Amino acid sequence: MNYWLMKSEPNAFSIDDLKKMPQQTEHWDGVRNYQARNMMRDAMKIGDQVFFYHSNCETPGIVGLMEVVREGYPDHTAFDPQGKYFDPKSNPEMPRWFMVDIKYLRHTRRVIPLSELKEQGALENMPLVRKGNRLSIMPVSQEEWDYILRIEG
DNA sequence: GCCAACGTTGGC
DNA sequence: GCCAACGTTGGC
């Protein structure tokens with residue numbers, strides 16, 4: 001099993017929004033970055049565990065746990081000329097963008113803020129804590145995953 | 001293929 | 001709201 005971290009702006013889609021979805025499941029659409037696309041298309045597997053991270057908000061940090069319930073398939077929001085995620089270079093015959101389905105598992109017992117994650121030497125290799133990082137989906141090692149759940153308290 | 005200009009991300 | 005970092009675009 002693999003571990004991941006996915007960012008979302010709570011103003012746009014928060015962990016509470018995910019929890020309220022039917023089956024507490026939603027497709028992770030709108031990702032328009034090739035590295036992140038490749039991870040969803042090729043690497044994320046059913047049963048993989050995922051940290052939900054809130055970005056661009058008052059206290060950026062890890063807020064919950066999720067699970068991959070459907071593996072990579074074309075992001076149809078790229079096909080809708082009226083939608084904000086429309087990409088004329090993507091079409092159903094040759095989809096450029098992919099997404100996975102994600103299911104809510106639980107909130108963390110507290111928000112684990114970015115500021116605290118940055119203080120942990122054990123996490124210094126996470127892209128998340130590195131300066132200027134903008135990856136919205138990233139792999140998390142087993143060691144990092146376990147460590148974060150330990151400091152969750 | 002280089003690189004300047006531009007747009008976006010996201011912490012602060 | 002500011003701005004640094006980064007990815008993408010497009011002229012050459």
Side-chain angles (χ1 to χ4, degrees), chain A residues 2-21 26-44 48-68 72-141 143-145 147-153:
Chain A
N2 290 309
Y3 301 98
W4 308 91
L5 179 144
M6 297 171 101
K7 295 181 188 174
S8 181
E9 302 189 14
N11 289 338
F13 186 73
S14 72
I15 188 166
D16 295 311
D17 295 328
L18 176 62
K19 191 178 181 182
K20 281 183 230 145
M21 300 303 295
E26 180 61 303
H27 46 265
W28 203 268
D29 61 19
V31 173
R32 297 292 179 266
N33 168 281
Y34 287 104
Q35 266 183 278
R37 187 275 312 265
N38 293 347
M39 287 185 260
M40 291 200 289
R41 188 188 59 187
D42 307 328
M44 300 182 76
D48 284 0
Q49 308 283 110
V50 186
F51 284 130
F52 197 129
Y53 178 90
H54 279 176
S55 64
N56 231 330
C57 56
E58 196 175 337
T59 306
I62 292 171
V63 295
L65 274 63
M66 328 182 267
E67 182 178 353
V68 177
Y73 63 106
D75 181 344
H76 55 75
T77 63
F79 309 146
D80 176 8
Q82 259 55 258
K84 64 171 175 170
Y85 294 127
F86 177 61
D87 180 352
K89 293 173 186 158
S90 189
N91 60 74
E93 289 71 40
M94 281 285 284
R96 173 172 296 206
W97 304 113
F98 286 73
M99 58 189 181
V100 296
D101 285 359
I102 287 294
K103 183 181 172 67
Y104 171 88
L105 288 180
R106 67 173 177 87
H107 282 63
T108 44
R109 284 184 280 282
R110 62 187 180 93
V111 176
I112 307 170
L114 176 63
S115 57
E116 182 178 340
L117 298 171
K118 281 182 168 171
E119 293 168 358
Q120 314 296 321
L123 303 179
E124 66 186 2
N125 289 325
M126 288 187 80
L128 184 71
V129 303
R130 288 212 288 267
K131 195 176 174 184
N133 165 67
R134 290 166 46 185
L135 245 197
S136 64
I137 301 177
M138 69 189 74
V140 176
S141 74
E143 290 74 24
E144 291 159 352
W145 182 272
Y147 187 87
I148 290 166
L149 289 184
R150 234 176 298 127
I151 63 173
E152 179 190 2

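Remember, it's a predicted structure, so these values are computed and weren't measured experimentally. Each chain gets a letter, A, B and so on, in the order its sequence line appears, and its residues count up from 1.
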inquiry  = As a test of understanding, state which of Leu128(A), Ile148(A), Leu135(A), Ile137(A) forms a side-chain contact (heavy atoms from CB on, under 4.5 Å) with Leu5(A).
reply    = Leu128(A)
Between [N] atom [atom2] and [X] atom [atom1], what is the distance in whole Å?
{"X": "His54(A)", "N": "dG11(B)", "atom1": "NE2", "atom2": "C1'", "answer": "16 Å"}
{"X": "Met138(A)", "N": "dG10(B)", "atom1": "CE", "atom2": "C1'", "answer": "12 Å"}
{"X": "Arg32(A)", "N": "dG7(B)", "atom1": "CZ", "atom2": "P", "answer": "20 Å"}
{"X": "Glu116(A)", "N": "dC12(B)", "atom1": "CD", "atom2": "P", "answer": "14 Å"}
{"X": "Tyr85(A)", "N": "dT9(B)", "atom1": "OH", "atom2": "C1'", "answer": "13 Å"}
{"X": "Lys118(A)", "N": "dG11(B)", "atom1": "NZ", "atom2": "C1'", "answer": "6 Å"}
{"X": "Leu135(A)", "N": "dG11(B)", "atom1": "CG", "atom2": "C1'", "answer": "16 Å"}
{"X": "Glu58(A)", "N": "dC12(B)", "atom1": "CD", "atom2": "P", "answer": "13 Å"}

key: Under-4.0 Å side-chain N/O to phosphate OP1/OP2 contact, Tyr53(A) with dG11(B)   = yes
query = So, is Lys89(A) near the phosphate of dT8(C), with a side-chain N or O under 4.0 Å from OP1 or OP2?
reply = no
message = Let me spell it out: for each of Lys131(A) and Tyr34(A), pick the nucleotide of DNA chain C with the closest heavy atom. Which residue's pick is nearer the 5' end?
response = Lys131(A)
key: Residue whose nearest DNA chain C nucleotide is more 5′ - Asn56(A) or Gly132(A)   = Asn56(A)
message = Categorize Lys84(A) for me: base, sugar-phosphate, or nothing, with a 4.0 angstrom heavy-atom threshold over every strand shown.
response = nothing
task = Using distance alone, with no hydrogens and no angle criterion, decide if Thr77(A) and Asp80(A) have a side-chain donor and acceptor under 3.5 Å apart.
result = no
query = Do His107(A) and Asp16(A) have a side chain donor and acceptor closer than 3.5 Å?
reply = yes
inquiry  = One pair to check against salt bridge (Lys or Arg N to Asp or Glu O under 4.0 Å): Arg32(A) and Asp75(A). What are the steps and the verdict?
reply    = CA-CA 10 Å; Arg32(A) 297 292 179 266; Asp75(A) 181 344; 2.9 Å; yes
request  = Would you indicate which nucleotide in dG7(C), dG11(B), dG10(B) comes nearest to any side-chain atom of Ser136(A)?
outcome  = dG10(B)
ask   = Is any NZ, NE, NH1 or NH2 atom of the basic residue among Lys103(A) and Glu67(A) found under 4.0 Å from an Asp or Glu carboxylate oxygen of the other?
value = no
